[in-house]
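Right, one structure below, let's go through it.
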Amino acid sequence: MPLYEGRHNAENKIHISEEVRSTIAFTTEETLKRLLTLIEEAKGAVALDGWYGVDYLSVVEALKKQGCRAEFINANTLYKDQEQIATYKQPFITDDPGFGYCNMDGRLIDLMDLKKVEELRVRLQEGVVVFGCGAAIPELYDSYALTLYLDKTRQPLLWQMWDGKLAPFGLDTPKEGYDWKEYYYCDYFLLHFQKHYLIERMGYYIEAISADSLKMLPRESYDEIIQTMLKYPIKEVEIYQPGPWGAYRYKDFWDIKGLECNAWNELAGPELSILIDVGGEEPLNMPFVNLMQYADDLVGPYLNETYPHLFPLDAWLDDGYFPEKTPAERISMPIHTHPSTDYVKRHFNEPIGRYETYYIAEAYEGANTWMGFNNEADLEEWERKCRESNNLKEIPDWKNYICNWESRVGDLYLIPPGTDHGHGGNQMVLELDTCPSIAGTEYSFFSYDFARCSWDDNTKTMTGKPVKMHLDHSFNCSKFRREDYVDKKLRAKPSVVKWTKDYYLDRYSSVPEMPFEIERIHYYNHGEYSTEGRFCHIVTLTVGKHAKIYSKADPSLCTEINLFQAAVIPASFGEYVVESDGEGANTVTLVRWKKG
């Protein structure tokens, strides 16, 4: 599954004290130099713990070359054998070909040999250095004189995994057959809760995305940077994904090397990373979810209490521009549906279902959306045809079943769970959705993808195997909503909720099961809004070229976004201003939770 990063206008420039800046090692050379000193001066054992994919062995070898005389112990020696680990993981990997069951209660000690852990505890009195995932588990943490956390952002890790280069727990070399289910449903949670434990206890934080590009800072400085970030609107490093319905509007905005079509790109969400410019040689790069250390500030007290550890919102852009008329079977998304909160809790141990919206940001000739079933469609027949097809043979009359809607700029489609739908192409869709998972996974149950070939990113052609369906999940979740229901309930309409001579705010109608609001700020020069200290906003510029977002109380707390770029405004941010230069109208479209 190919992913590309886009770093255009992604840096978050924040102001920190010179004292804090001076504590940061911005280069690998300086990081290793300071790390060597810390190890030599430590009055006891040192732990180098961290996330998957960190090249711990290269860091250790570099320290040895620097003259480090300490004895190094690999944390992988603490783990049970791979057969025992596989037995532990199987209930979370499950037999479901498409999804697993979240390991919410597991901890790394579950994978470790307790005898080996006790033996290591004795060795820690000798002043050794233990490195690798789980080096400083809670059962050992108090025995260390110093603990450092080596962090890695998510996309480079996925590239390692897909290339078969990721070494999982207990191994120094890659494991054949290790894939996304094992990572997302088991290992991610073990890593997450270990990181959650250490992030407030570590002595130092090391950015370790690559062993030859290290940065290091003390925990106090790291903490000040995280808290300072939450005083600003936050931009994330976007990701782009080609696919069988991928289109080409992105070429007018972004030069993404290697990207040959764009099915969607993620503008904001928990799986992305952030670039933080603190005035050093290079920006710091860390996972966005590190900001969840102060979840009350980021998402607000209500969401933090209701969905602990979860950043529950996503913003995506679905590209749908084709320069020439192209068949629906090429430009449409698969027909699919999403699960409710009850469904994902029962089947996948996730905290919240997938609640989705399509906001039409641009509409080209033939703009359309598939949603619901035609009133006269035989739905038993549709299910039978989908099961017989299994996306391996075409259903020639599929359009007789799925209802098609002409799209216009500003249209909003509400897509509560159980609503069969798909972006129909010839439009730019801003998706504002829930994120059901701490790990950042999403749940789309496909029923039909036109029996087309999928995207092969090696050859840059539509020659891959057809996409696999999730027929049982899809039809178990489907509420088989028909045209009349969609037209009456799910084609939302905006109402003005605040009007001034400078700007106005409107809010789209909703249905009770949708947990968030979609709102817009329309303005010529500036508009205003507030998070009220309790609502996290994700704002996207959908009309205009450029916008500056800043705190009304302190305009220096600001960021700037371009057309179709998003910013996360922390719940604690309060009153803010959106401002644009030049002639013409501007619109910012935003999502926020209903309850706060």
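Quick caveat: nothing in here was measured; it's all calculated off a predicted structure.
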**Pair Y4, D457: side-chain N/O donor-acceptor within cut-off below 3.5 Å** = yes
**Message:** Looking at K215 and E30, is any side-chain nitrogen of the basic one under 4.0 Å from a carboxylate oxygen of the acidic one?
**Reply:** no
**Asked** Do the ring centers of F92 and Y88 come within less than 6.0 Å of each other?
**Response** yes
**Asked** Charged N to carboxylate O under 4.0 angstrom, R249 versus D252?
**Response** yes
**Item:** Cation-aromatic face contact K548/Y550, 6.0 Å, 45 degrees
**Value:** yes
**Asked** Can you check side-chain contact (heavy atoms from CB on, under 4.5 Å) on V539 and V578, steps first, answer last?
**Response** CA-CA 10 Å; V539 302; V578 183; over 6 Å; no
**Asked** Residues in ring pair (Phe, Tyr, Trp, His ring centres under 6.0 Å) with F288, at least two apart?
**Response** F311
**Message:** If only side-chain N and O atoms count, and only distance matters, is there a donor-acceptor pair under 3.5 Å linking T589 with T542?
**Reply:** yes
**Request:** State, yes or no, whether a side-chain contact exists between H546 and E560 at a heavy-atom distance under 4.5 Å.
**Result:** yes
**Fill in**
Here the pair of heavy atoms bringing Y205 nearest to P287 is OH-CD, 4.1 Å
**Item:** Evaluation steps, side-chain contact (heavy atoms from CB on, under 4.5 Å), between E431 and D314
**Value:** CA-CA 8 Å; E431 277 196 49; D314 268 327; over 6 Å; no
**Prompt:** Would you call E182 and K89 a salt bridge, using N to O less than 4.0 angstrom?
**Reply:** yes
**Message:** With no hydrogens and no angle check, just 3.5 Å: does a side-chain donor-acceptor pair link Y523 and S580?
**Reply:** yes
**Prompt:** With sequence neighbours left out, which residue pairs that include part of residues 43-52 fulfil the side chain to side chain donor-acceptor pair (under 3.5 Å) condition?
**Reply:** D49-Q194, W51-Y183, Y52-D187
**Request:** Establish, for the pair R592 and F535, whether the NZ or CZ atom is under 6.0 angstrom from the six-membered ring centre and no further than 45 degrees off its axis.
**Result:** yes
**Message:** Whether the Q293 and K195 side chains hold a donor-acceptor pair (N or O, under 3.5 Å, no angle test) is what I'd like checked.
**Reply:** no
**Donor-acceptor pair between Y529 and E519 side chains, under 3.5 angstrom** = yes
**Asked** Is any side-chain heavy atom of K64 closer than 4.5 Å to a side-chain heavy atom of V59?
**Response** no
**Prompt:** So, for Y149 and Y204, is the gap between ring centers shorter than 6.0 Å?
**Reply:** no
**Request:** Verify the ring-centre separation between Y321 and Y248: is it less than 6.0 angstrom?
**Result:** no
**Prompt:** Would you say the side-chain atoms of N9 and Q565 include a donor-acceptor pair closer than 3.5 Å?
**Reply:** yes
**Message:** Check this for me: does any side-chain nitrogen of one of E260 and K460 sit under 4.0 Å from a carboxylate oxygen of the other?
**Reply:** no
**Message:** Using the side chain to side chain donor-acceptor pair (under 3.5 Å) criterion, which residues pair with T531? Sequence neighbours excluded.
**Reply:** none
**S530 backbone acceptor or donor facing E575 side chain under 3.5 Å** = no
**Prompt:** Any ion pair linking E118 and K116 (charged N to carboxylate O, less than 4.0 Å)?
**Reply:** no
